[in-house]
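Numbers restart at 1 for each chain; the letters A, B, ... are given by sequence-line order, proteins then strands.
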There are 2 protein chains.
Amino acid sequence: MKTSEKNIERLLLYRRILISFKNIGKTNIYSKQLASLADSTPAQVRRDIMSIGYSGSPVHGYDLEKLIDSISEFLDSNNLQKVALVGLGHLGRSIIDYFQGRRPKLMIAAVFDRDPDKIDRVMHGCRCYSNEKILKVIPKENINIAIIAVPASGAQDVADLLVQAGIKGILNYAPVKLTLPPDIYVENRDMILAVEKVAYFARKITTEGSST
Amino acid sequence: MKTSEKNIERLLLYRRILISFKNIGKTNIYSKQLASLADSTPAQVRRDIMSIGYSGSPVHGYDLEKLIDSISEFLDSNNLQKVALVGLGHLGRSIIDYFQGRRPKLMIAAVFDRDPDKIDRVMHGCRCYSNEKILKVIPKENINIAIIAVPASGAQDVADLLVQAGIKGILNYAPVKLTLPPDIYVENRDMILAVEKVAYFARKITTEGSST
DNA sequence: AACATATTGTGAATAAATTCACAGCGTTAA
DNA sequence: TTAACGCTGTGAATTTATTCACAATATGTT
Ligand SMILES: NC(=O)c1ccc[n+]([C@@H]2O[C@H](COP(=O)([O-])OP(=O)(O)OC[C@H]3O[C@@H](n4cnc5c(N)ncnc54)[C@H](O)[C@@H]3O)[C@@H](O)[C@H]2O)c1
Ligand SMILES: NC(=O)c1ccc[n+]([C@@H]2O[C@H](COP(=O)([O-])OP(=O)(O)OC[C@H]3O[C@@H](n4cnc5c(N)ncnc54)[C@H](O)[C@@H]3O)[C@@H](O)[C@H]2O)c1
């Protein structure tokens, strides 16, 4: 079963769409509908669903509940997967606020910051520790992924510590390339690059449109 | 000249890397070095650079300054391109704080929120307006891209307003699919999907590693 | 001036991703 | 019963993206 990064991204998106579709009372969906909701094509949707081994009915399309379950079985861990967050500034606070309680199999189980004012504060049920506790808390809580929301200057050090503590995947919001062992999965999310991209395509649209 | 979305993303990343490479005193770079900094391959780097019409020297590789300029000429607007931000919560504040002043050709020129407490506050030199001013301020300031950082429930309405005001590109942080005219470029950035993706690959790494 | 060297630029080959197109199927209607 | 329908599942075709591989080249060296 060959599943690329893009495949996984689409499946995650499908699941979110399917859940909200189910929440408005639907019980099934056709590849055409899902494609249109996901800005994709029916053939792409069918291929993706095929790749996880689920199949629908030619008459009713896909059963929402079963499809959601299949995707979840494919994508999720059986157990709860715990997440650490480092950096409790504006971004960190926004993240914890938005994330916590939204996904059944994922939870932010520990927060770290180096600012003494923040240490020991409790947010959404999880206490903020000082960075020195990273090596202790992460293995103890069995956390294997982390979100970095500290300024660029501190990110590499934090990442090194996290890896030392046993983290296997990092979602990095700091604008630096982290240098880490090859068996650590890193996803970078930089807002500036994203705005630049939007700026490029927005401009492209406007200049193309005016050349009629 | 066929430049795909991925192309643009890589060029933006190269530029950032090149700038920081220049800042540590270097004057030139080889495709091999840039590839390793960008987690890419030398051939990919050369192809990408070829696609913008720049060429280097077989002996000294690429001249940093000239390459940065070529990429910028290709990617950037000649004029300043203005950005609107809607939603001045934790996320919005983090965004403005991080973004403002970082890119020479881009600036957040107006901020909107519907909370009366926030209206008329000034942050990083830009005043926060009420949503009602969107239709007035955006055309007046000639803003053509926007960042949405409001809760999911308000995002579609805000997006509709923005489009009506003349926005051509949107960076959307709210977890909803925006339904908009086809000539509007939308980039969605959802943290939950990103964490889920990291969770998947982190797990995959750990389980694969243990099957030796 | 001739040679050695290391890297670029790029056509060609390969690999990966997407789309096409249609057989097969369960359901409904007559 | 039979026919018609509209959708899925998927092999094959196509398109897009990446990598290979090597001639061309600018410079340093003798
Ligand atoms: N990728 C994005 O989309 C995006 C958006 C906004 C900000 N950012 C980045 O995220 C960073 C944080 O943004 P913010 O708005 O929350 O900033 P902030 O200043 O509000 O918060 C930073 C927090 O990190 C803590 N911190 C600093 N160094 C630390 C370290 N070494 N270890 C642990 N904690 C540390 C500080 O005490 C503070 O609480 C910014 O510096 C910026 O680089 C990224
Ligand atoms: N994509 C991501 O990575 C990510 C991360 C965190 C949060 N979020 C999303 O972003 C939203 C904002 O996060 P936050 O932490 O800043 O929340 P917040 O509650 O701190 O701020 C929300 C702000 O939006 C304003 N607002 C609400 N509705 C509005 C409307 N219709 N028009 C204008 N302003 C409006 C509020 O007054 C408030 O200032 C969250 O609801 C969440 O959906 C996304």
- Task: Output yes when at least one side-chain N/O atom of B/T41 is less than 4.0 Å from OP1 or OP2 of D/dT19, else no.
- Result: yes
Taking Watson-Crick and G-U wobble contacts under 3.5 angstrom, with | marking pairs to another strand and [ ] crossing pairs, the secondary structure of DNA chain D is written ||||||||||||||||||||||||||||||
Report yes or no: do A/N28 and A/D63 form a side-chain donor-acceptor pair below 3.5 Å? no
B/S4 has its side chain closest, among D/dC7, D/dA17, D/dG11, to D/dA17
Taken to the nearest whole Å, CG/B/D48 to C1'/D/dA17 is 10 Å
The residue among A/V137, A/L85, A/L88 that forms side chain to side chain contact (heavy atoms under 4.5 Å, CB included) with A/F112 is A/V137
Check the phosphate of D/dT8 against A/S57, side-chain N and O only, distance under 4.0 Å to OP1 or OP2. Yes or no? no
Discussion item. Side chains of B/D97 and A/H90 only: does a donor on one sit below 3.5 Å from an acceptor on the other?
Written reply: no
Original post:
Using a cut-off of less than 4.0 Å, is there contact between a side-chain N or O of A/S31 and OP1 or OP2 of D/dT8?
Top reply: yes
From OH of A/Y30 across to C1' of C/dC25 the rounded distance in Å is 14 Å
Rounded to whole Å, the CG-P distance (B/L67 to C/dT7) equals 17 Å
Atom OH of A/Y62 and atom P of D/dG6 are separated, to the nearest Å, by 18 Å
Among C/dT7, D/dT10, D/dT18, the one nearest any side-chain atom of B/R47 is D/dT18
Picking from D/dT19, C/dT19, C/dC25, the nucleotide nearest the side-chain atoms of A/P58 would be C/dC25
Against the side chain of B/R46, the closest entry in D/dA21, D/dG6, D/dA17 is D/dA21
A/N7 CG to C/dA16 C1', in whole Å, measures 11 Å
Do B/R10 and B/S40 get their side chains close enough for a donor-acceptor pair, meaning under 3.5 Å? no
Hydrogens and angles aside, do A/Y98 and B/D190 bring a side-chain donor and acceptor to less than 3.5 Å of each other? yes
Per atom distances to the B/V59 side chain, the nearest of C/dT8, C/dA17, D/dA26 is D/dA26
Closest of D/dT19, C/dG9, C/dT18 to the B/Q44 side chain is D/dT19
For this session: Answer yes or no: is there an ion pair linking A/R203 with B/D76, defined by an N-O contact shorter than 4.0 Å?
Result: no
- Task: Please check if any side-chain donor atom of B/N172 sits under 3.5 Å from a side-chain acceptor atom of B/E187, or the reverse.
- Result: no
A/M50 CE to D/dA12 P, in whole Å, measures 13 Å
inquiry  = Taking only side-chain N and O atoms of B/S55, does any of them lie within less than 4.0 angstrom of OP1 or OP2 on C/dT8?
reply    = no
Checklist entry - Any luck finding a side-chain donor-acceptor pair between A/Q156 and A/D160 under 3.5 Å? => result yes
B/K32 NZ to D/dC20 C1', in whole Å, measures 15 Å
B/E9 atom CD is separated from D/dT16 atom P, nearest whole Å, by 18 Å
